[in-house]
Novice: 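Sharing a structure with you now.
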2 protein chains.
Amino acid sequence: MTQPPSLSDRLRRGDVLAAACPSREVLRHVTGRWAVLILIVLEEGTQRFSALRRRVDGVSERMLAQTLKHLEHDGLVARVSHAVVPPHVDYTLTPLGEEAAAHVRRLADWVEANVPQIVAARG
Amino acid sequence: MTQPPSLSDRLRRGDVLAAACPSREVLRHVTGRWAVLILIVLEEGTQRFSALRRRVDGVSERMLAQTLKHLEHDGLVARVSHAVVPPHVDYTLTPLGEEAAAHVRRLADWVEANVPQIVAARG
DNA sequence: GTAAGTACGCACATGTTTGTTAGTGCGGAA
DNA sequence: TTCCGCACTAACAAACATGTGCGTACTTAC
């Protein structure tokens with residue numbers, strides 16, 4: 001007879017199934033429409049803003065800036081701004097970010113490999 | 001001098017970085033707010049509608065039904081309806097769905113394990 | 001008799017995300 | 001000289017995601 005963990009236990013250790021858990025928010029950030037793609041591109045190495053904009057097809061400057069801010073806020077991306085003209089800003093994955101990026105890339109790789117099957121399943 | 005792959009090549013093999021690629025849409029479904037949680041719960045085994053509703057804290061019936069439809073449409077979830085009263089409907093992961101679920105669960109596990117660090121990083 | 005559970009569908013309202021456009025200040029290319 | 005590139009930000013508008021409340025047809029429990 002093991003007792004099921006209490007709500008506060010679940011929140012402390014991070015339980016995505018609990019609505020009030022902050023892990024929900026983090027997961028939302030990491031799995032966001034653009035965040036996934038940005039993490040994948042950043043896994044190749046440091047990139048600057050406009051390079052990211054070109055690599056991530058379809059992202060607007062607004063969404064790119066906003067998503068980068070979220071990732072930076074969560075400590076997954078480091079922003080380094082060089083005070084030169086024209087402006088030069090570098091974005092790099094933190095160690096934490098590298099781990100997250102590896103996970104989302106594996107997921108994206110799987111999707112890419114299985115798109116044909118999935119599309120076929122829609123008959 | 002290898003030529004970079006053409007757009008049509010990238011679309012055929014599934015390239016999330018290309019805006020027109022259907023893998024983008026599939027990725028959106030799989031990483032959707034509720035889809036992630038539903039996949040994780042379904043990984044434990046077949047579940048019925050109301051059981052899912054109870055396990056996935058905070059989901060509304062509308063969103064649950066809609067998300068299940070998307071996942072079914074993509075061939076990740078199988079729906080079996082028993083014609084009895086009261087209604088009884090079972091949801092199960094397909095082999096394809098099991099693979100997807102494994103990936104998202106690993107990502108969610110990582111997030112859960114690292115929430116404290118991430119929250120701390122927001123200082 | 002009344003309420004709750006079952007698995008949803010529909011209409012409406014709200015909230016959140018995303019896009020669009022315009023602007024910044026300066027240097028280098030045409 | 002006129003335009004582009006850089007790395008954004010602000011304001012506004014549109015699109016989409018999501019929640020709420022109601023209805024279904026029947027059974028079991030209270």
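Note that this is a predicted model, so its numbers are computed, not measured. Below, chain A is the first sequence line, B the second, and so on; all start at residue 1.
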Novice: Looking only at heavy atoms, what is the nearest atom pair of A/Thr94 and A/Ala78, with distance?
Specialist: CG2-N, 3.9 Å

Novice: Provide, to the nearest angstrom, the distance between the CG atom belonging to B/Leu68 and the C1' atom belonging to C/dA7.
Specialist: 11 Å

Novice: Please report, rounded to the nearest Å, how far the P atom of C/dA11 is from the CD atom of B/Gln66.
Specialist: 14 Å

Novice: Students often get this wrong, so: under 4.0 angstrom with heavy atoms, is A/Arg53 touching a base, only sugar-phosphate, or nothing?
Specialist: nothing

Novice: Take atom CE of B/Met63 and atom P of C/dG15, then tell me their distance rounded to the nearest Å.
Specialist: 16 Å

Novice: Taking only side-chain N and O atoms of A/Ser50, does any of them lie within less than 4.0 angstrom of OP1 or OP2 on D/dG5?
Specialist: no

Novice: Once each nucleotide of nucleotides 20-30 of chain C is scored for protein heavy atoms under 4.0 Å, what B/S/- sequence comes out, 5' to 3'?
Specialist: B----B-S---

Novice: Evaluate the criterion side chain to side chain contact (heavy atoms under 4.5 Å, CB included) for residue pair B/Arg55 and B/Glu44; output intermediate values, then yes/no.
Specialist: CA-CA 11 Å; B/Arg55 292 282 332 254; B/Glu44 297 169 7; 2.6 Å; yes

Novice: What is the distance from CZ of A/Arg48 to P of D/dC6, rounded to the nearest Å?
Specialist: 7 Å

Novice: Once you round it to whole Å, what is the distance between P of D/dA17 and CG of B/Leu64?
Specialist: 17 Å

Novice: Please assess A/Thr92 against A/Leu42 for the test side chain to side chain contact (heavy atoms under 4.5 Å, CB included), listing each intermediate value before the final yes or no.
Specialist: CA-CA 7 Å; A/Thr92 313; A/Leu42 280 180; over 6 Å; no

Novice: Between side-chain atoms of residues 29-38 of chain B and protein atoms elsewhere (two or more places apart, or another chain), which donor-acceptor pairs fall under 3.5 Å?
Specialist:
| residue | atom | partner | partner atom | Å |
| --- | --- | --- | --- | --- |
| B/His29 | ND1 | B/Asp74 | OD2 | 2.7 |
| B/Thr31 | OG1 | B/Leu27 | O | 2.7 |

Novice: Using atom NE2 of B/His88 as one end and atom C1' of D/dT27 as the other, report the distance to the nearest whole Å.
Specialist: 15 Å

Novice: At under 4.0 Å, does any side-chain N or O of A/Arg54 touch on OP1 or OP2 of D/dC6?
Specialist: yes

Novice: Name every residue in residues 28-39 of chain B that has at least one heavy atom under 4.0 Å from any atom of DNA chain D, in order of residue number, or write none if there are no such residues.
Specialist: B/Arg33, B/Trp34

Novice: A/Glu99 and B/Trp110: side chain to side chain contact (heavy atoms under 4.5 Å, CB included), yes or no, with the steps?
Specialist: CA-CA 8 Å; A/Glu99 291 183 38; B/Trp110 179 87; 2.6 Å; yes

Novice: Look only at the side chain of A/Ser81 and the backbone of A/Val89, and say whether a donor-acceptor pair between them is shorter than 3.5 Å.
Specialist: no

Novice: Over how many whole Å does the gap from B/His70 atom NE2 to D/dT18 atom C1' extend?
Specialist: 13 Å

Novice: Rounded off to whole Å, could you give me the NZ-to-C1' distance for the A/Lys69 and C/dT17 pair?
Specialist: 16 Å

Novice: In terms of side-chain geometry, is the basic nitrogen of B/Arg122 or A/Glu72 positioned less than 4.0 Å from the acidic oxygen of its partner?
Specialist: no

Novice: Run the side chain to side chain contact (heavy atoms under 4.5 Å, CB included) check on A/Val41 and B/Leu17 step by step: do they pass?
Specialist: CA-CA 9 Å; A/Val41 171; B/Leu17 294 181; 3.7 Å; yes

Novice: Are the side chain of A/Glu112 and the backbone N or O of B/Val16 linked by a donor-acceptor pair below 3.5 Å?
Specialist: yes

